[in-house]
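Contents: one structure, followed by commentary.
Predicted model, so just to flag it, every value in this text is computed and none were measured.
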Amino acid sequence: MQKFKNTSEIEPLRDFLGQDRAITAMELGLRIDNPAYNIYVAGNPGTGKSTYSLKVLKEHAKNKNNHKDWCYVYNFENPREPIVISLERGKGKDFKEDIEEMIDKLFEEIREAFDSEEYEVNKNTMLEEYEIEKENLVKKIKNYGESKGFKLKSSKVGMVFVPLNENFEDEVSSEEFFKIKKELENMAIKVVYQIREIEENIKSIMIEIEDEVGKIVVDPHIEELKEKYTDNDKIINYINSIREDILKNLELFYLEDEDIKEFYSKDCFLKYVVNLFVDNQNNECAPIIVESNPSPSNLFGKVEYDYNSGNIKTDFTKIFSGSLQKANGGYLVLYAQQLLSYPLSWELLKRAIQSQKIPIEAKVSIEPEEIPLNLKIILIGSNYIYNVLYRHDNDFSKYFKIFVDFDNEMNRNEATENGIAKFIAYQCEKNNFKHFTYDAVEDIIKQSTRIVGSKKKLSTDFNKLLEIITEANVFAQIENKEFVEKYHVKKAINEKHKRLNKIENKIDEFMDNNTIIIDTKGSKVGVINGLSVYSMGEYSFGRPSRISVTTSMGNKGLINIEREAKMSGPIHNKSVLILQGYLTENFAQEYPLSVNAYICFEQSYGGIEGDSATLAELCALLSSLSGIPIKQNIAITGSLNQKGEIQVVGGITEKVEGFYNICKKRGLKDKTYGVILPKDNMDNLILTDEMEEDISKGKFNIYPVSKIEESVEILMDKMFEDVKVLVKRKLDAYNKSKDINNK
């Protein structure tokens with residue numbers, strides 16, 4: 001790492017660190033314009049996958065400008081199927097306002113036109129002509145009737161004729177009377193029809209005049225809008241439909257105020273409203289939508305309903321957009337775990353990708369036209385969810401072809417160490433923290449290696465590093481220090497351990513008062529201190545576990561007591577069978593093993609899993625068979641294969657520190673304590689400064705081994721060949737006893 005006094009002297013980190021493979025994959029996925037090339041971003045929490053995804057999307061969104069505004073309008077031909085219209089970004093609001101402004105103007109101008117003096121004069125002139133013609137017809141038949149001795153009267157049933165005087169019927173013959181009356185009634189019927197015909201003509205002429213007046217008022221506004229939106233066929237068709245509907249319903253525009261209110265209540269003018277469904281006016285760059293609650297309605301939009309006396313009612317103005325419509329033309333970010341908690345959302349999403357159309361959740365009444373899908377989906381989740389989807393969902397690999405895998409570690413070198421320092425400088429700048437000294441940064445880098453469990457690697461879990469940075473800064477503030485020192489970092493780490501180590505302390509108490517028996521002095525046959533790791537959430541710690549082995553003559557072979565008690569996991573069961581293979585190869589070439597060997601983790605009340613105790617179990621087994629005691633001041637961990645080669649194990653740092661802490665409490669004066677561990681695990685051993693100091697002084701010992709022979713010689717102070725001879729002698733004795741008993 002480059003030298004500096006404190007992080008104020010170095011350039012803060014602006015790029016992402018240690019994720020070159022993931023960055024390359026993401027860049028490729030974003031550049032491929034294909035609906036099947038959606039992106040799945042995987043990685044552990046804290047690796048920066050979400051932060052990076054949003055940052056890179058913002059960069060790509062600057063160069064992408066094909067997002068649009070979307071509006072729903074009334075379908076005059078089929079009201080149940082609202083029409084969707086796309087416009088250039090920012091034009092949707094203009095279109096909505098243009099339609100509203102036109103309707104407002106038409107209200108005013110149509111009313112003015114029909115309230116004008118010219119229209120009223122023409123209307124009244126025609127009505128007067130109708131009245132004159134009507135009066136002439138009535139007068140003509142009236143005069144004719146009077147000449148025949150009858151007068152005309154109006155009644156509920158129409159025009160009727162009655163004699164002028166009471167004696168008229170006596171003056172003429174009955175036949176003559178009824179003949180005259182019949183003639184007059186026929187004439188009256190003809191007059192009625194003539195009047196009706198005149199009325200119909202007047203009505204037709206009035207409609208024509210009204211239509212002409214309407215066209216004179218409406219058409220200029222219609223043509224103005226059509227000229228403005230001449231390149232959009234859907235808008236032109238919609239405007240033409242508005243024109244036809246207004247001309248059919250002109251009376252709605254010039255009714256009195258009270259009547260207008262009544263019609264408004266009936267939503268008569270709703271058909272002239274524009275539903276601005278997606279408005280991108282303020283989005284200069286392509287939209288980036290992060291949906292954290294991807295329910296079907298949140299994702300695909302919804303149609304709201306009004307409930308009135310048990311009836312459901314809705315219309316196209318109650319269609320609301322979801323995340324897919326808002327992100328159309330850009331990017332939609334979803335989280336896999338939340339998405340899969342809504343199975344319907346996942347199925348609808350796949351269907352949308354396949355059809356390249358966005359469905360809207362509408363239960364009844366209307367079926368809105370679907371919007372074409374044009375976006376890139378970024379699905380963020382764990383590697384586990386990715387593997388499950390890839391194996392069990394055939395559609396997943398078809399629609400998410402780009403896999404962006406964030407690593408939880410990176411190689412440790414000067415560049416990555418400098419990157420950690422720059423990351424700390426960036427956090428100090430961003431959060432107004434005190435800057436960190438060189439030694440403090442070094443200690444955070446060491447903690448990074450502990451997190452990943454390798455001296456050659458650094459962790460990319462920057463959230464955990466940020467926790468240390470934040471808490472160390474607080475301790476520096478409490479002491480009013482200018483910079484965050486190394487001991488502030490250590491205090492932050494130790495204080496976190498204190499918050500989480502309740503179970504660890506309880507186990508220590510049990511070991512101190514001998515509730516859990518762990519011997520660290522003397523030697524015992526068939527008893528050894530193995531090492532285990534306990535995990536409590538994010539906190540892990542190691543402690544010794546006493547393993548005992550007893551042997552006797554028999555033919556059952558190795559008996560795993562944990563397995564018999566159903567407390568052993570499959571990996572531990574496998575490790576015991578590996579021991580059987582090792583014994584068979586080394587001690588059963590001439591005749592079968594005649595031994596019963598019982599292996600047990602003493603005072604274990606939970607399950608046992610893993611193979612890291614294989615080496616300890618074999619050493620205890622050889623001790624029991626040979627009769628040579630094992631040193632109790634040395635603990636051991638390591639996995640073993642059937643050839644006696646020692647393999648690496650996990651949690652090595654916690655295991656070694658766990659035994660060291662027990663020995664430290666009991667005193668390190670005799671300088672005999674130590675741990676045997678796989679040689680290949682040395683790069684994974686990252687110890688505290690205190691422990692490294694005690695090791696350098698010889699107070700505690702680390703014994704790296706690669707074969708069973710080395711472990712046996714350290715634990716028993718005997719050459720392995722000598723131990724092997726004693727074991728073989730014991731097995732031979734068992735076989736001879738077995739033969740004698742059989743005879």
Basic-acidic side-chain contact under 4.0 Å: [X], [Y]:
{"X": "Lys498", "Y": "Glu495", "result": "yes"}
{"X": "Glu602", "Y": "Lys524", "result": "no"}
{"X": "Lys490", "Y": "Asp443", "result": "yes"}
{"X": "Lys664", "Y": "Glu690", "result": "yes"}
{"X": "Arg546", "Y": "Asp519", "result": "yes"}
{"X": "Glu585", "Y": "Lys643", "result": "yes"}
{"X": "Lys496", "Y": "Glu471", "result": "no"}

Which pair of non-hydrogen atoms, one from [X] and one from [Y], has the smallest distance, and what is that distance?
{"X": "Asn681", "Y": "Val649", "answer": "OD1-N, 2.9 Å"}
{"X": "Ala336", "Y": "Gly381", "answer": "CB-CA, 4.0 Å"}
{"X": "Ala613", "Y": "Phe601", "answer": "CB-CZ, 3.5 Å"}
{"X": "Thr637", "Y": "Ser612", "answer": "OG1-O, 3.5 Å"}

Over 12 foreign heavy atoms within 6.0 Å of [atom1], [X]:
{"X": "Tyr426", "atom1": "OH", "answer": "no"}
{"X": "Arg499", "atom1": "CZ", "answer": "yes"}
{"X": "Lys665", "atom1": "NZ", "answer": "yes"}
{"X": "Gln477", "atom1": "CD", "answer": "yes"}
{"X": "Lys679", "atom1": "NZ", "answer": "no"}
{"X": "Met719", "atom1": "CE", "answer": "no"}

Where the side chain of [X] meets the backbone of [Y], is there a donor-acceptor pair that is under 3.5 Å apart?
{"X": "Thr520", "Y": "Cys663", "result": "no"}
{"X": "Asn633", "Y": "Thr672", "result": "yes"}
{"X": "Glu710", "Y": "Ser706", "result": "yes"}
{"X": "Ser623", "Y": "Ile628", "result": "yes"}
{"X": "Lys631", "Y": "Ile714", "result": "yes"}
{"X": "Gln603", "Y": "Ile517", "result": "yes"}
{"X": "Thr653", "Y": "Asn684", "result": "yes"}
{"X": "Glu713", "Y": "Phe720", "result": "yes"}
{"X": "Asn413", "Y": "Ala415", "result": "yes"}
{"X": "Asn408", "Y": "Thr47", "result": "no"}

Are a donor atom and an acceptor atom from the side chains of [X] and [Y] found within less than 3.5 Å of each other?
{"X": "Ser535", "Y": "Ser540", "value": "yes"}
{"X": "Tyr386", "Y": "Asp405", "value": "no"}
{"X": "Thr515", "Y": "Asn513", "value": "yes"}

Scan [options] and name whichever one has a side-chain contact (heavy atoms from CB on, under 4.5 Å) with [X].
{"X": "Arg543", "options": "Glu654, Lys655, Glu504", "answer": "Glu504"}
{"X": "Val489", "options": "Ile469, Ile444, Asn494, Val441", "answer": "Ile444"}
{"X": "Ser345", "options": "Leu339, Asn293, Leu340, Leu334", "answer": "Leu339"}

* Asked: Ring centres of Tyr52 and Phe406 under 6.0 Å apart?
  -> yes

* Asked: When the aromatic ring centroids of Phe400 and Tyr40 are compared, is their separation below 6.0 Å?
  ->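 For Phe400 and Tyr40, the ring centres are not under 6.0 Å apart.
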
Say you draw a straight line from [atom1] of [X] to [atom2] of [Y]; how long is it, rounded to the nearest 0.5 Å?
{"X": "Ile646", "Y": "Leu615", "atom1": "CD1", "atom2": "CG", "value": "4.5 Å"}
{"X": "Ile518", "Y": "Ile662", "atom1": "CD1", "atom2": "CD1", "value": "7.5 Å"}
{"X": "Ile451", "Y": "Phe462", "atom1": "CD1", "atom2": "CZ", "value": "10.0 Å"}
{"X": "Arg450", "Y": "Lys464", "atom1": "CZ", "atom2": "NZ", "value": "12.0 Å"}

* Structure fact -> The single option from Asp407, Asp683, Asn411 that satisfies side-chain hydrogen bond (donor to acceptor under 3.5 Å, both in side chains) with Lys457 is Asn411

* Are Leu668 and Tyr660 side-chain neighbours, meaning at least one heavy-atom pair lies under 4.5 Å? -> yes

